[in-house]
There are 2 protein chains.
Amino acid sequence: MVSEAPDWQLYRAFRAVMREGSLSAAARALRLTQPTLGRQIAALERQIGAVLFTRSPQGLAPTPAAETLLPHAEAMAAAAEAFQRAASGAADASKGTVRITASEIVSAEVLPPILAAFQDSHRGIAIELAPSNRIEDLLRRDADIAVRMTRPAQEALLARRIGAVPIGMYARRDYLARRGTPRSLADLAGHAIIGFDRDDSSWRGIEVARFRVSRESFAFRSDGDLVQLAALRAGLGIGGCQTAIAGRDPDLVPVLADEIRFELEMWLAMHEDQRADARLRLAFDHLAAGLARYVAAGAEARQARPARKGPVS
Amino acid sequence: MVSEAPDWQLYRAFRAVMREGSLSAAARALRLTQPTLGRQIAALERQIGAVLFTRSPQGLAPTPAAETLLPHAEAMAAAAEAFQRAASGAADASKGTVRITASEIVSAEVLPPILAAFQDSHRGIAIELAPSNRIEDLLRRDADIAVRMTRPAQEALLARRIGAVPIGMYARRDYLARRGTPRSLADLAGHAIIGFDRDDSSWRGIEVARFRVSRESFAFRSDGDLVQLAALRAGLGIGGCQTAIAGRDPDLVPVLADEIRFELEMWLAMHEDQRADARLRLAFDHLAAGLARYVAAGAEARQARPARKGPVS
DNA sequence: CAGCCGTCATACATATATGTATGGTAAGCG
DNA sequence: CGCTTACCATACATATATGTATGACGGCTG
């Protein structure tokens with residue numbers, strides 16, 4: 001249990017050198033000098049009894065041992081940044097920074113108005129929004145709060161279920177005018193479908209199997225969710241979209257709304273051990289309320305969807 | 001992106017003071033001196049612009065702000081320890097330390113022989129075994145490898161399914177001789193059942209609802225899984241047990257084996273970003289093989305279970 | 001091929017952090 | 001109530017780490 005004081009400063013030096021690739025660059029990044037970094041790396045190598053870098057005039061090349069250690073240094077750095085973030089408002093909950101992560105779609109289409117309202121009522125709190133589909137960044141404390149479309153299965157997380165977000169297929173009005181409106185699943189065969197490229201993670205958890213959806217069946221492929229949405233809005237083809245988002249655009253028309261409909265659960269999560277943080281709590285509750293309204297709007301959009309023959313507009 | 005070098009050393013000092021409760025004690029723990037710790041804490045307070053402790057002759061009492069920051073410091077410490085662990089064998093994969101976490105039962109009843117074999121073939125590798133039912137400790141890098149009885153739902157983890165571990169109800173032979181052998185679920189009413197006290201986490205994921213199992217229905221209650229097992233072996237009553245473990249004890253007799261039977265999935269998990277670590281890989285594969293044999297043995301024990309009227313033995 | 005730029009290593013001066021010693025205060029105990 | 005003990009704060013000496021300056025090596029480019 002007694003840790004023999006291995007100088008955390010050395011870990012920071014190690015990470016900087018790994019990231020920057022040379023002592024000099026690392027020194028610049030840490031606002032130190034090259035000899036200092038050189039000594040710190042030497043000290044670390046002496047302490048663990050292994051060579052971490054092969055020196056060269058081009059910089060320091062990491063050995064396999066260094067590659068093994070990097071993840072831990074990164075984890076420390078993530079925690080250190082989280083510490084700073086939390087400390088920024090430790091004195092006063094009405095000041096500081098909150099870092100949020102969410103999917104690209106949610107980050108771009110759903111959160112901005114919600115965060116604007118929060119910003120307005122809490123001028124002192126700065127907001128960072130990191131669009132990402134990876135879940136790990138919350139666990140690694142890359143973010144304080146996460147909006148996710150799957151249930152967080154981690155017990156270390158404080159998770160709140162927001163609701164079910166309905167998804168449907170849509171197309172732009174003029175696309176349907178040109179190519180015709182599909183009346184059945186079979187009709188889709190001749191249409192341009194917008195889908196994923198290599199990364200099907202967004203489509204997991206959805207029973208798309210019965211629609212025999214595979215990479216090859218897409219006429220337009222992209223792993224960028226926002227790119228897919230832009231393609232849909234540009235009339236490039238038929239694609240999936242959250243009903244609440246599609247409902248805002250009068251030119252987007254539901255396609256096969258009765259045949260193809262599914263939902264994604266929306267969850268809000270933060271670290272359990274940050275429950276006591278007043279600032280985070282504030283942001284968490286505001287997000288929960290705002291997202292709940294969004295989900296409710298989506299359910300309405302679904303309910304009040306236009307007849308399949310055309311939009312109400 | 002440019003972090004303005006907030007001296008990781010201060011975080012270590014902060015954590016030590018939080019844990020030890022005084023500058024002096026923290027100084028002892030870190031092999032530093034009291035004035036040094038005092039200055040470091042002062043520097044940290046100055047940097048974040050908040051008071052972290054209220055000084056007193058009895059020690060330092062943390063303010064709410066300090067409580068808020070502690071989890072982050074703990075996360076850093078966990079990563080630092082993981083760094084040390086990984087570094088211990090960075091030079092040579094045949095040396096170093098591997099830290100494993102598993103449930104109490106698995107730690108005490110299943111792993112020892114498997115780890116003994118590993119120890120025998122890899123003398124240089126020290127093994128730490130942390131019995132715990134919490135899953136978070138792997139995420140926080142409190143351990144390198146985890147054996148869990150639920151599917152790890154985290155994408156940041158490299159998980160391998162070992163197999164299904166059959167569970168059944170058992171009782172000691174002489175208990176049944178005294179109290180009679182239940183022939184139906186209804187018969188259980190008059191029996192002494194061994195179960196949990198306050199923490200029902202071990203029972204989650206099991207459809208016990210139809211057995212109307214609740215805290216009050218237990219005659220012997222304990223949250224210690226090993227205590228429950230000891231009670232079962234002592235003939236205190238009827239309790240659940242992995243078939244492979246019960247099968248070793250000729251005095252333990254299955255109870256209502258046809259009516260009550262369920263399984264738990266056994267999983268092995270480690271961090272994805274430690275995949276490259278040769279030493280961990282070695283331990284991981286050895287554990288996977290050893291546990292697979294254990295699971296296979298359990299399936300056999302289930303299949304070759306004695307008739308309900310009595311044991312084969 | 002010469003000049004330029006980047007890199008790391010070394011030597012020396014300096015600034016910084018740490019350790020030692022001491023004094024003051026509050027709590028526990030016989 | 002006085003003794004002991006543990007705690008923190010301060011002043012001073014020391015050790016340590018850092019910065020500055022310089023040299024050597026290798027790649028790039030005209």
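Computed from a prediction, not measured in an experiment: that's the story for all the values here.
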Taking [X] first and then [Y], would you say they form a salt bridge - that is, a charged N and a carboxylate O separated by under 4.0 Å?
X: A:Asp142; Y: A:Arg85; value: no
X: A:Arg12; Y: A:Asp7; value: no
X: A:Glu74; Y: A:Arg15; value: yes

Does B:Arg55 put a side-chain nitrogen or oxygen below 4.0 Å from OP1 or OP2 of D:dA9?
yes

C:dG6 OP1/OP2 closer than 4.0 Å to side-chain N/O of A:Ser24
no

Please confirm whether the backbone N or O of B:Ala29 pairs with a side-chain atom of B:Glu20, one donor and one acceptor, at under 3.5 Å?
no

Looking only at atom types and distance, does a side-chain atom of A:Asp223 sit under 3.5 Å from a main-chain N or O of A:Phe196, one as donor and one as acceptor?
no

Looking at CZ of B:Arg28 and CZ of B:Arg31, how far apart are the two atoms once the value is rounded to the nearest 0.5 Å?
12.5 Å

What residue pairs, at least two apart or across chains, pass side-chain hydrogen bond (donor to acceptor under 3.5 Å, both in side chains) with a residue in residues 48-57 of chain B?
B:Glu45-B:Arg55

If the plane angle is over 60° it's perpendicular, under 30° parallel, otherwise tilted; pick one for A:Phe83 and B:Tyr11.
tilted

Heavy atoms under 4.0 Å is the rule here; annotate nucleotides 17-30 of chain C 5' to 3' with B where the base is hit, S where only the sugar-phosphate is, and - elsewhere.
-BBBB---BSS---

If I take atom CG in residue A:Leu23 and atom P in nucleotide D:dC25, what distance separates them, rounded to the nearest angstrom?
18 Å

Find the distance A:Leu60:CG to D:dC25:C1' and express it as a whole number of Å.
15 Å

State which residues pass ring-ring contact (aromatic ring centres under 6.0 Å, His included) with A:Phe220; sequence neighbours excluded, sorted by chain then number.
none

So how far off straight is the helix from C:dC1-D:dG30 to C:dG30-D:dC1, going by the axes through five pairs at either end, to 10°?
30°

Under 4.0 Å between any heavy atoms, over every strand shown, what does A:Gly38 touch: base, sugar-phosphate, or nothing? Just pick one.
nothing

Heavy-atom closest contact (A:Gln34 atom, A:Leu23 atom, distance)
CG-CB, 4.1 Å

Can you sort out the partners of A:Arg123 under side-chain hydrogen bond (donor to acceptor under 3.5 Å, both in side chains), two or more places apart, ordered by chain and number?
A:Asp120

Using a 4.0 Å cut-off on heavy atoms, which residues in residues 61-68 of chain B reach DNA chain C? List them by number, or say none.
none

